[in-house]
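Letters A, B, ... are given to chains in the order of the sequence lines, protein chains preceding strands, and every chain is numbered from 1. These numbers were taken from a predicted model, which means no experiment stands behind them.
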Number of protein chains: 2
Amino acid sequence: MQERITSQQWQPGDLLPSEQALSEEFGCTRATVNRAMRELSDAGLVERRRKAGTRVVQPSSHPATITIAIIRQEIENKGQTYKYLLLERLEALPPEDVRVQLGLEQNEKALFLKSLHYGDGIPQQLDVRWINLSALPQAADESFADIGPNEWLLQRVPHPNIEHVFRAEKATAEEQRLLQLQECEPVFVIERRTWILGQGITYVRLVHPGSRFQMATRSSAEPIFN
Amino acid sequence: MQERITSQQWQPGDLLPSEQALSEEFGCTRATVNRAMRELSDAGLVERRRKAGTRVVQPSSHPATITIAIIRQEIENKGQTYKYLLLERLEALPPEDVRVQLGLEQNEKALFLKSLHYGDGIPQQLDVRWINLSALPQAADESFADIGPNEWLLQRVPHPNIEHVFRAEKATAEEQRLLQLQECEPVFVIERRTWILGQGITYVRLVHPGSRFQMATRSSAEPIFN
DNA sequence: TAGTGGTCTAGACCACGGT
DNA sequence: CCGTGGTCTAGACCACTAG
């Protein structure tokens with residue numbers, strides 16, 4: 001069925017035969033056709049609606065899946081030696097936008113952390129972060145001197161909900177200094193918000209030197225074949 | 001089952017009961033358990049191996065799904081008026097790396113296109129592209145004066161395989177001029193390679209002003225709930 | 001209201017890969 | 001070896017919704 005779509009035998013907008021009809025054509029049961037169609041639907045090749053049937057999607061976007069590894073892994077995978085350095089740790093009132101994103105009360109303090117991650121002695125990531133202490137009171141007792149907040153959180157809140165924003169920005173003066181950047185060198189910024197059951201966990205800004213970082217992707221449509 | 005994982009009742013590394021056991025516990029058939037487990041597996045919460053069983057993943061990365069809309073949609077969604085301008089169109093020998101990625105012969109020419117996309121008269125995207133003419137001979141007859149190459153391709157090759165790379169870069173002099181950038185303003189670059197059945201289709205570099213562009217994401221783990 | 005997809009049961013065979 | 005997940009059959013009921 002995927003072949004028929006990519007070969008344009010079934011074109012965008014076309015209505016596919018019903019599961020019933022396809023199960024007869026391919027000589028299998030409807031459950032098998034349903035399973036295949038659901039995979040095509042997950043991959044974004046078709047859209048399904050009860051009674052209306054299944055149609056080939058008119059593609060107007062490229063869906064893609066990325067994997068953001070924790071920085072230590074990424075550095076060690078490159079064969080570099082990893083070093084972690086805590087720069088700042090304090091409990092304070094977060095700025096308004098962070099306060100709202102974490103779902104904190106008006107005068108509720110949160111944990112602020114600033115840390116640097118090196119590969120072969122060269123700064124690779126600046127981690128600037130707020131952690132919700134009502135959600136994670138244990139964080140108040142952790143020094144974060146020896147473990148990065150990202151790893152620490154992943155161990156304690158294994159599968160949170162996540163939202164990311166990616167941006168290319170001009171480095172601030174502080175970022176330029178901490179990341180040892182040259183004049184005019186851009187930074188690749190990942191902003192991440194995690195929460196679980198509606199409760200904000202952390203808000204973090206991951207700043208990477210533009211010249212030492214990139215992110216890659218693989219189509220979600222591909223793995224279906226073969 | 002997802003609740004048991006997020007609540008740490010089943011912790012990272014833990015072996016889950018077999019499908020057989022779970023089907024008895026939940027009072028359903030193994031097929032139903034299998035379907036649920038497959039969704040958890042797709043979402044990256046568990047890993048499954050025959051004979052070895054199913055384990056909660058030790059999370060060491062954040063998977064995420066992004067959608068890269070075609071630029072015209074993105075601009076129109078913001079309520080801006082879209083304008084397209086073709087800057088350059090010629091058939092030429094591509095540089096070596098592009099030649100290899102498209103799978104072209106040594107002295108095979110390809111179609112080179114350079115175009116700009118405006119929102120409310122302000123440049124939002126520079127599209128610099130090579131198209132494989134053996135894969136798409138029809139492209140030689142298209143002027144691309146009135147339609148962007150991205151849209152044109154999506155209409156003709158609806159569901160190709162895709163690879164992306166994202167980067168923050170310093171704008172070249174030409175990019176700075178074409179995108180009307182200020183001194184030192186970074187660009188967000190998306191490099192895209194598409195192919196179908198092993199045949200390269202296009203290689204494109206989408207250059208966005210860092211100050212007017214961002215990319216967002218939503219966790220793939222979330223939609224399971226509710 | 002009729003036809004579509006969504007989902008489930010009950011049962012079966014098999015490939016893989018730890019032990 | 002043999003327990004695990006992967007996949008399929010055959011049949012059923014139901015929710016949704018376009019016509």
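Between A:K51 atom NZ and D:dC14 atom C1' the separation is 15 Å, expressed in whole Å. Taking atom CZ of residue A:R50 and atom P of nucleotide D:dG19, one finds them 17 Å apart after rounding to whole Å. Summarising the geometry, the separation between CG on B:L22 and C1' on D:dG5 is reported as 12 Å, rounded to the nearest angstrom.
Judged by closest nucleotide on DNA chain C, A:G53 is the one of B:C28 and A:G53 placed further toward the 5' end. With the nearest nucleotide of DNA chain D identified for both A:T32 and B:P17, B:P17 has the one nearer the 5' end.
At distances below 3.5 Å, not a single donor-acceptor pair connects side-chain atoms of A:R55 with backbone N or O atoms of A:R49.
Contact annotation for A:A52: backbone-only contact, meaning every heavy-atom pair under 4.0 Å involves sugar-phosphate atoms and none involves a base. When heavy atoms are screened at a 4.0 angstrom cut-off, B:R30 is found touching base atoms of the nucleic acid. Within the nucleic acid shown, A:S18 comes within 4.0 Å of sugar-phosphate atoms alone, with no base atom in reach, counting heavy atoms only.
When only modelled atom types and interatomic distance are considered, A:S134 and A:E108 share a side-chain donor-acceptor pair under 3.5 Å. When only modelled atom types and interatomic distance are considered, A:E24 and A:Q20 share a side-chain donor-acceptor pair under 3.5 Å.
Enclosure of atom CG in A:D97 by more than 12 non-hydrogen atoms of other residues, nucleotides or ligands within 6.0 angstrom is indicated.
In this entry D:dG19 has no Watson-Crick or G-U wobble partner, no candidate having both defining distances under 3.5 Å.
Among A:I190, A:V187, A:V189, the single residue meeting the side chain to side chain contact (heavy atoms under 4.5 Å, CB included) criterion with A:H208 is A:I190.
Heavy-atom contacts of chain B under 4.0 Å fall on DNA chain C between two terminal nucleotides, which in 5' to 3' order are C:dT7 to C:dG18.
A salt bridge links A:E39 with A:R35: the closest approach of a Lys/Arg side-chain nitrogen to an acidic carboxylate oxygen falls below 4.0 angstrom.
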